[in-house]
Student: 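Below is a structure I'd like to ask you about.
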There are 2 protein chains.
Amino acid sequence: MAEGRDPTLRELGEFSVIDRLVSGRALPAWVTVGPGDDAAVLGAPDGRVAVSTDMLVEGRHFRLDWSRPRDVGRKAIAQNAADIEAMGARVTGFVVAFGAPPDTPAALVGELADGMWAEAGKVGAGIVGGDLVASPQWVVSVTALGDLGGRDPVLRSGARAGSVIAVAGELGWSGAGFALLDRGLDRGLDRGTDGFDEVRDRHLVPRPPYGQGRTAAESGAQAMTDVSDGLVADLGHLAAASGVVMDLRSAALREDVDALTPAAAAAGVDPWSLVLGGGEDHALVACFPDYPPHGWRVIGAVRAGPAAVLLDGHRWDGPAGWQSFD
Amino acid sequence: MAEGRDPTLRELGEFSVIDRLVSGRALPAWVTVGPGDDAAVLGAPDGRVAVSTDMLVEGRHFRLDWSRPRDVGRKAIAQNAADIEAMGARVTGFVVAFGAPPDTPAALVGELADGMWAEAGKVGAGIVGGDLVASPQWVVSVTALGDLGGRDPVLRSGARAGSVIAVAGELGWSGAGFALLDRGLDRGLDRGTDGFDEVRDRHLVPRPPYGQGRTAAESGAQAMTDVSDGLVADLGHLAAASGVVMDLRSAALREDVDALTPAAAAAGVDPWSLVLGGGEDHALVACFPDYPPHGWRVIGAVRAGPAAVLLDGHRWDGPAGWQSFD
């Protein structure tokens, strides 16, 4: 092992690295077997388990010149947690498979793990198991498990005409952050000086409205999903699965657009395209029979008709940027 | 889309490819929400769930010039199923995250999925959800879930002096197949002519002894793992976790060695090194208080003493090849 620099994954070896990643981490009481055996064992008190998986590939889903390893870890956990929230469930644990080049400094993998544990802690869960392998670039594959607490899962197919569409969480912030970073308005050049650090940070680490998935389920949500591909695209999935029209109200989205207008102008993009089409915020969008619970805001109405997403009753023939979501 | 050749992932698009992968597949009755929503929901009647994850990276864990996509799919499912078996649990479902270059023919991904479903069918389970992303090379990340059926999980730490060590499944076949393929004694040159097709196939698709994990648990197994790194290496994990000596009996392994001797000779490797050190067969090895159930064979005894794996009571100073597992 060369002196004066961090040891690499190759130098430490798989088991030694894993020891560093898992030692001293506290797991909830419902995890009866944590990392270190052939499989983990955790509680599923409902008698059913919700499960979702996502893969992030370096260069495709994150860039290590934009994101710190800690950010990558937080993002990977957050987007999987949001999928469990979107079923109305509570996250009970995560397993993580991670690939990286053998010459990766082990300390960077430690930072990735720290980010994962920090984000997992926000939903009261932990990393119960994983796999560590060699790969030409970083690959992070997370699976999240959740418990439904005796409630029916909130599917995409339950929306009914006459209901309201409501959202919890932010819309367009991740897309705005991406646009800024993509134009080179990045940390090194502009951090702390242009006023958009918060926007960039939201792209690197989304902030799903943790707990609101369960709240929505308890409040009678008929259908729900998280905004990973963009509000219109994801509402399109609800519309198709439910066989209804999702009619958004532009006046209800004005506040979201206004909040992003300065950053959008700096990045040279249309703020409406960010709010309607920006993905990866992992806000929750759901349909409620009458009104949504605290923490949610109404942004439109569910109407009868062939599956479609409209804005103020019209197809996307408005301002530039919307066509791309059609 | 160019005429006369298979469409690629890029040409078909994520959702269309996923539709092809999941349509027409039958899921067990305990899967109440399958692919297509934010998360799957499946039964966990025990009130706990066992979960394990593994990542396979092209060029590291498989080669597409050796393995057909169907083989890769079967192997990825088999090795995860073996982890669940090794806890004494029954597999209830899998989620799969898959990355591939956008110019990958979609038909190849279909073959991968067919292999996964075929192998999953052997344990009576299905693919309940997944993620499909772009990646510079194929990456297959599988998470398996299992149900303990009211039994305690069989950990690595429960082995006690005085018990017997027993194995279900094959030892060294995958390593022998790898050695043949690695020496260029491959399908194209030798398939069907040298008598070792079966050995090569075992490297491409392991054959875990499905069902024997639960049988072992029901028969009082104290400790269990699957042979993924090699018999000595994996017994080393049991020895360390349990604080005991694992004393293998060479006479009991003679049959395994004899079966592989012709293939080992052709590949120029020591058959003992394959049986003691070859990984990826995903046999199950377990410790039983007195004798093992049907389908298992005794290969040694558990003794008191500082954690170690011995052969006939001695450290690895025997024939060449063993040192490398020390």
Student: Using the side-chain contact (heavy atoms from CB on, under 4.5 Å) rule, take A/H237 and B/D37 through it: C-alpha gap first, then chi angles, then the decisive distance, then the call.
Tutor: CA-CA 9 Å; A/H237 298 147; B/D37 217 299; over 6 Å; no
Student: Taking only heavy atoms into account, what residues of residues 54-61 of chain A are found under 4.5 Å from chain B?
Tutor: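 At a heavy-atom separation under 4.5 Å, chain B is reached by A/D54, A/M55, A/V57, A/R60, A/H61.
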Student: With heavy-atom distances below 4.5 Å as the criterion, would you say the side chains of A/F15 and B/D229 are in contact?
Tutor: yes
Student: For each of B/V128, B/L145, B/V154, B/I84, tally heavy-atom pairs with chain A at distances under 4.5 Å, and name the one with the top tally.
Tutor: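 Max contact count across the listed options: B/L145.
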Student: To the nearest 0.5 Å, tell me how far A/Q79 CD sits from B/D131 CG.
Tutor: 7.5 Å
Student: Ignoring hydrogens, what is the shortest heavy-atom contact between B/S135 and A/Q137? Give both atom names and the distance.
Tutor: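 Distance-wise, the nearest heavy atoms are OG-NE2, 4.1 Å.
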Student: Can you tell which part of A/L132 gets under 4.5 Å to a heavy atom of chain B, answering side chain, backbone, both or neither?
Tutor: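 No part of A/L132 comes within 4.5 Å of chain B.
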Student: Mind ranking B/A89, B/A86, B/S52, B/A134 by heavy-atom pairs under 4.5 Å with chain A and telling me who comes out on top?
Tutor: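 Highest number of heavy-atom pairs under 4.5 Å: B/A134.
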Student: Testing B/V41, B/V49, B/L42 one by one against A/V51 for a side chain to side chain contact (heavy atoms under 4.5 Å, CB included), which residue passes?
Tutor: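 The single option meeting the side chain to side chain contact (heavy atoms under 4.5 Å, CB included) with A/V51 is B/L42.
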Student: Mind checking what makes ring-ring contact (aromatic ring centres under 6.0 Å, His included) contact with B/F178, not counting sequence neighbours?
Tutor: B/W66, B/H203
Student: Chain A: which of B/P45, B/G130, B/G129 shares the most heavy-atom pairs with it under 4.5 Å?
Tutor: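 Heavy-atom pair counts peak at B/G130.
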Student: Is B/V139 close to chain A through its backbone or its side chain, or both, or neither, when contacts mean heavy atoms under 4.5 Å?
Tutor: both
Student: Tell me, for A/V96 versus chain B, whether the close heavy atoms (under 4.5 Å) come from the side chain, the backbone, both or neither.
Tutor: backbone
Student: Need one label for A/P35: side chain, backbone, both or neither, based on atoms under 4.5 Å from any heavy atom in chain B.
Tutor: neither
Student: Are a donor atom and an acceptor atom from the side chains of B/T225 and A/D38 found within less than 3.5 Å of each other?
Tutor: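 Yes, a side-chain donor-acceptor pair sits under 3.5 Å.
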Student: So which residue, B/G43, B/A50, B/A40, B/G146, ends up with the most heavy-atom pairs under 4.5 Å with chain A?
Tutor: B/A40
Student: Name the region of B/E85, side chain, backbone, both or neither, that has any atom closer than 4.5 Å to a heavy atom of chain A.
Tutor: neither
Student: Among B/G99, B/P136, B/G93, who wins on heavy-atom pairs under 4.5 Å with chain A?
Tutor: B/P136
